[in-house]
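Have a look at the structure below before the remarks.
Sequence lines set the chain letters: A, B, ... in the order given, protein chains first and strands last, and positions in each chain run from 1. All of these numbers come straight from a predicted model, not from anything done at the bench.
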There are 2 protein chains.
Amino acid sequence: MRRVITTLLATSLLATPALAQDDLRAEAAELFKPLPSTIPSVNENPITPEKIELGKALYFDPRLSASGVFSCYSCHNLATGGDDNLETSIGHGWQKGPRNAPTVLNSVLNEAQFWDGRAADLAEQAKGPVQAGVEMANTPDNVVATLSSMPDYVTMFSAAFEGDDAVSFDNMAKAIEAFEATLITPAPFDAWLNGDDAAMTDDAKAGLALFVEKGCVSCHEGVNVGGHGYYPFGLIEKPGADVLPEGDKGRFAVTETVDDEYVFRAAPLRNVGVTAPYFHSGKVWNLTTAVQIMAESQLGEALSDEEAAQIVAFLDALTGEVPEVTVPPLPAETDATPRPSAEIMPE
Amino acid sequence: MRRVITTLLATSLLATPALAQDDLRAEAAELFKPLPSTIPSVNENPITPEKIELGKALYFDPRLSASGVFSCYSCHNLATGGDDNLETSIGHGWQKGPRNAPTVLNSVLNEAQFWDGRAADLAEQAKGPVQAGVEMANTPDNVVATLSSMPDYVTMFSAAFEGDDAVSFDNMAKAIEAFEATLITPAPFDAWLNGDDAAMTDDAKAGLALFVEKGCVSCHEGVNVGGHGYYPFGLIEKPGADVLPEGDKGRFAVTETVDDEYVFRAAPLRNVGVTAPYFHSGKVWNLTTAVQIMAESQLGEALSDEEAAQIVAFLDALTGEVPEVTVPPLPAETDATPRPSAEIMPE
């Protein structure tokens, strides 16, 4: 039934634009949601200005890494769509990470974090890269020793958290989560959902209708146009190993259930136009190509060039405005601050 | 004669504070200069808002490096005093650079750039790390191809520079220089020089008097409290190889004159309190230790603990306020953008 309605919508969009647009908007309103106008609340982590300020400092601080080279910002660069524009990130010792770094933008609205959803929230997520040997290669103890050695950090932690042990690895993660919750990027699609007819081009509107009609929306729905639910990559037809490397079985590593082989969280599509390369493998640089691969592997559909271009026009309408973030002045090291080490530890 | 006056000043500072302070300020005004209240002009590179905006984007853009990992910001981090807090920077392929990264803050006011002064200005300097194999490992051709591939960059270059070939490696460097010229950090010392008695502590004032009296000022003078003139490291007594490694002969590599062995540009001391570790070798993390090494090696003076502490209090009064810099949204890649390569090329 949905397919019938949206097909009618798509074909009638040019004929009776005003009416068709209202119908499309009504349908879209059931499937998606505009971004909230305030900072989203987070489970068990009340967001306060003090926590945001601390989290921003931590987000920008390369001293969270063993080498002193990498901060959260390094791979989730707010200047380049909240990711690093690399196939997979380069970390400690010039090692390559296993999967493409997802954007931090709007990530607070995802159901779970990482490509396989192995972290329930951003606070849990933040602890991963700090400790991963191929990323920041640090230890919780060394992080706490580093932060405790700088009086300004101790003051900031005490302002943000209650209790005597304010400076802790858990609180570091919670503060980073609080800052990341502010990284919401309203886009033309939101303006259009909110009633501004002129916010999207006709191509973008036709692309939205196709996105719904063809079934992309079955996985990529909700406020983040994805980021909820797990689906096998290659539902209809498995892409080649150049796109879906055999060694990475996705959510299988989390659940150890055969059904979860090559299963990944549906990617949230906000800002997808500025976060190439695509897929967990980061093997595809062109968004049109990525859309075509998805249509074939997940829906068994070959898109026409026009259809693909219209869907890409819709996806480009998901590119939002990144909030203004000023570079925070960070506390200076003291004699007690552990020194950076670029050494690569054996596994 | 200067020594006599300043000794009198130092000893009389507590006895007749108001008068002595005016004398100290008068003497300091001859030796130093407060930071300008406007963006300094630069030779053959008129600073315009368009150039600053472009330069800021370039400064934050990791796509200036072959790997897509490093931007100017990586080693000249505006959150950590304009440098990277490492002994020597880590660059392409996890290679270590040969010398400690100096701060970008106020660097436009240095007489020349790099520890050996081999670049006359910041525009010349900016081209170095982009091409250095151990830093960003890129080529001018690849940089121009990268920037030309993004229409928004082409627009920004055309707005900032005249002529048909606006997108060029030279113009990239000039734009970066224009942005860097805005990174001026007024400090308590400037407020004090400008007449605010309360801007520096008594210890800092005593430290300033000692800085002049002991002769530190012979090399570290002018608006940047250094950054002008070249001097042998170890004028009176050469420090050990742990601080002054034998392999790095400083300015000798530039002039090939025996007199220039172990000669370096006197470090500009603004923000020295937040830019450990110290010296071209980056081997000393403690500022008091660095001051003591300097006193012994350059002046043949053993400082008392109190003297060293007062000089450090003066140096801390050189820590300035970094201008607010918002993270710029950068143009997105296109199909024509060269892809990042983490490969390490043989020499």
In sequence, state the C-alpha distance, the side-chain angles, and the governing distance for B:Y278 and B:I293, and then conclude on side-chain contact (heavy atoms from CB on, under 4.5 Å). CA-CA 11 Å; B:Y278 301 111; B:I293 289 173; over 6 Å; no
side-chain contact (heavy atoms from CB on, under 4.5 Å) between B:V291 and B:Q310, intermediate numbers included: CA-CA 11 Å; B:V291 166; B:Q310 288 174 332; over 6 Å; no
A:L287 and A:D316: side-chain contact (heavy atoms from CB on, under 4.5 Å), yes or no, with the steps?
CA-CA 10 Å; A:L287 184 52; A:D316 281 338; 4.3 Å; yes
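The aromatic rings of B:F314 and B:F189 sit perpendicular, their planes meeting at an angle over 60°, well past the 30° parallel limit. Using cut-offs of 30° and 60° on the angle between ring planes, the pair A:F70 and B:W94 is parallel.
By number of non-hydrogen pairs under 4.5 angstrom with chain B, the leading residue of A:E321, A:K96, A:E333 is A:E333. Here B:N85 is the residue among B:V274, B:V69, B:T337, B:N85 with the most heavy-atom pairs under 4.5 Å with chain A. Highest contact tally toward chain A, considering only B:S71, B:A332, B:C75, B:A79, is held by B:A79 [criterion: heavy-atom pairs under 4.5 Å]. Ranking B:N286, B:L78, B:T334 against chain A, the residue ahead of the rest is B:N286, based on heavy-atom pairs under 4.5 Å. Taking chain A as the reference chain and counting heavy-atom pairs below 4.5 Å, the highest number among B:E87, B:R63, B:H92 is found for B:H92. Your options are B:D84, B:T80, B:L86, and the one with the most heavy-atom pairs under 4.5 Å with chain A is B:L86.
For B:D335, the part lying near chain A is the side chain, with the backbone staying farther off; criterion is any non-hydrogen pair under 4.5 Å. Contact of B:N77 with chain A is made through the side chain alone, with heavy-atom distances under 4.5 Å. Both the backbone and the side chain of B:S67 come within less than 4.5 Å of a heavy atom of chain A. There is no contact between B:V322 and chain A, counting heavy-atom distances below 4.5 Å.
The one candidate from A:N106, A:D190, A:T103, A:T185 that meets the side chain to side chain donor-acceptor pair (under 3.5 Å) condition with A:R270 is A:D190.
A:K51 places no side-chain N or O within donor-acceptor distance of the main-chain N or O of A:E177, the cut-off being under 3.5 Å.
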